[in-house]
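Only one structure is covered here, and it is reproduced in the block below.
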Amino acid sequence: MTPDGDRRPTLAVLKLTSCDGCQLSLLDCEDELLAVAATVRIAHFVELTSRHLDGPYDVALVEGSVTTEADLASLADLRAASAVLVTLGACATAAGIQGLVNLAPPGEHARIVYPHPEHLPSLGRSSAVADHVPVDLALHGCPVEPSQLLEVLTALLSGRRPVLPAYSVCEDCKQAGVGCLLVSRGTACLGPVTRAGCGARCPRVDRGCFGCFGPSESPATSALADHLAALGTSDTDLFRLFATFNANAPAFLTESRRHVAPPPR
C-alpha cells in the first residue's frame, strides 16, 4: 500500500540504452492498457507520465541494454526496489543491436561513427540485464509482442506463471499454413532456431525469419548454418544472419563466431 492508501500493485517501467520500441509496444495496447492502468498504480513510466513514485514496486519492466554507468546505477536501484523484475525485448535480454560493439575490437564502432568517441559515456561494451542483476522473467522480441506483454502483466497480477512459447517459429508457420521458405526455396531463414512469438510475421510475406525473438530452446544453430552453407550462403552472410538483434544471445553468439566477421566500414 502506498502512503496515500492506494492498495493497487505498483508498476515501474524503466528504460536503459534502447530505442524505446518495447515501451511503445505497451502503449500500443491502447484499450487494454487502460484496463491495466486501472488495475495497477503506475509509479514510473516516462513514456506515459512525468509522475514518479519511489519504490518499492511490485512489478518492474526494464527495456534496454546496460551500456553506460548510468544504466548500471539505475538498474541496481530498480532491482533493489522491485519484487519482480521483467526484462523486455532483445536489448534487455541479449544486449540488442548495440551489443554488436562486443564483436569488434574495443572502441572500433565508436571510432567509425563519432568524431570524438572519447566523450561518449560508454562502458565500452553492451550487456544484458541478467549479466548484472537477477531477473525473474524474460520477455523476448524486437520489439516485444503486445499480446505477450499483456499476458505477462495479467499473469503476474493474478499470481500465476505467464504462458509464453519456447518452441520455434516453424511451429507458427505450420499453424498459419505458411510453406517452408528454407525447404521450398532455399531462403536463408532462422525460423528453425528462433523462439516463436511474432506469429511468423516475416515468413507470411515470403521473407526469411531473421531471429528478432532470439534463440528457441535447444536451437540447432550449427546444423542450420551447415545447411545454409551447403545451399551457397557465404561465411560473411552467415555471420550477418546470426549477428543482428540477438547477437549476444549465447546460441547465436557461438554460431556467429564460427564464421568470418565483415570488416568495419
Side-chain angles (χ1 to χ4, degrees), residues 1-16 18-65 74-75 77-94 96 129-130 133-167 169 171-172 175-176 195-202 204 212-214 245:
M1 184 170 65
T2 55
D4 61 1
D6 193 331
R7 295 180 177 274
R8 290 177 298 169
T10 52
L11 172 69
V13 183
L14 177 70
K15 166 188 164 60
L16 303 178
S18 63
C19 71
D20 290 22
C22 290
Q23 294 181 86
L24 293 176
S25 290
L26 179 54
L27 295 177
D28 284 344
C29 294
E30 298 182 346
D31 291 345
E32 293 86 350
L33 178 59
L34 294 176
V36 170
T39 306
V40 303
R41 179 157 192 173
I42 298 177
H44 179 85
F45 189 0
V46 174
E47 287 279 2
L48 181 65
T49 176
S50 60
R51 183 181 64 177
H52 168 79
L53 298 175
D54 292 331
Y57 309 120
D58 293 288
V59 177
L61 311 177
V62 58
E63 173 197 74
S65 64
S74 297
L75 179 60
D77 290 343
L78 186 70
R79 175 68 276 187
S82 305
V84 175
L85 182 68
V86 181
T87 49
L88 296 185
C91 292
T93 60
V129 168
V133 299
V135 169
D136 300 297
L137 184 69
L139 190 57
H140 301 271
C142 186
V144 293
E145 192 70 15
S147 61
Q148 288 193 356
L149 184 50
L150 286 173
E151 162 64 12
V152 166
L153 288 175
T154 54
L156 292 176
L157 292 172
S158 60
R160 63 174 176 84
R161 188 74 179 174
V163 178
L164 299 171
Y167 50 81
V169 171
E171 187 164 332
D172 276 352
Q175 292 176 358
R195 182 184 303 268
C198 64
R201 187 171 284 120
C202 291
R204 284 174 182 263
C212 61
F213 271 68
F245 304 95

Extract all donor-acceptor atom pairs below 3.5 Å that involve side chains of residues 51-60 and protein atoms in other chains or at least two apart in sequence.
residue	atom	partner	partner atom	Å
R51	NH2	I42	O	3.0
H52	ND1	H44	ND1	3.0
H52	NE2	D54	OD1	2.9
Y57	OH	L53	O	2.7
Y57	OH	G55	N	3.4
D58	OD2	T10	N	2.8
D58	OD2	T10	OG1	3.2

Tell me the closest heavy-atom pair linking E151 and V163, and the distance in Å. OE2-N, 2.8 Å
Interatomic distance, CZ@F213 vs CZ@R201, rounded to 0.5 Å, equals 7.0 Å
If you define the side chain from C-beta out and look only at heavy atoms, does anything of L26 sit under 4.5 Å from L48? no
Is there a side-chain contact between C91 and L16 (heavy atoms, below 4.5 Å)? no
How close do G197 and Q148 get, counting heavy atoms only, and between which atoms? CA-NE2, 3.2 Å
For the side chain of S25 and the backbone of V144, is there at least one donor-acceptor N/O pair under 3.5 Å apart? yes
pair S74-L14: side-chain heavy atoms closer than 4.5 Å: yes
Minimum heavy-atom separation for T87 to T93, with atom names? OG1-CG2, 3.5 Å
Separation of S65 OG from L75 CG (nearest 0.5 Å): 11.0 Å
Within the side chain of S82, is there an N or O that forms a donor-acceptor pair under 3.5 Å with the backbone of R79? no
Heavy-atom side-chain proximity of L153 to L11 below 4.5 angstrom: yes
Taking the side chain as every heavy atom from C-beta outward, state whether E47 and D20 have any atom pair closer than 4.5 Å. yes
Does any non-hydrogen side-chain atom of L61 lie less than 4.5 Å from one of L149? yes
Under 4.5 Å between any side-chain heavy atoms of L24 and L27, yes or no? yes
Nearest heavy atoms of L137 and R161, plus distance in Å: CD1-NH2, 3.6 Å
Nearest heavy-atom neighbours spanning R204 and G199: NE-O, 2.7 Å
Taking every non-hydrogen atom, the tightest pair across P9 and T39: CD-O, 3.5 Å
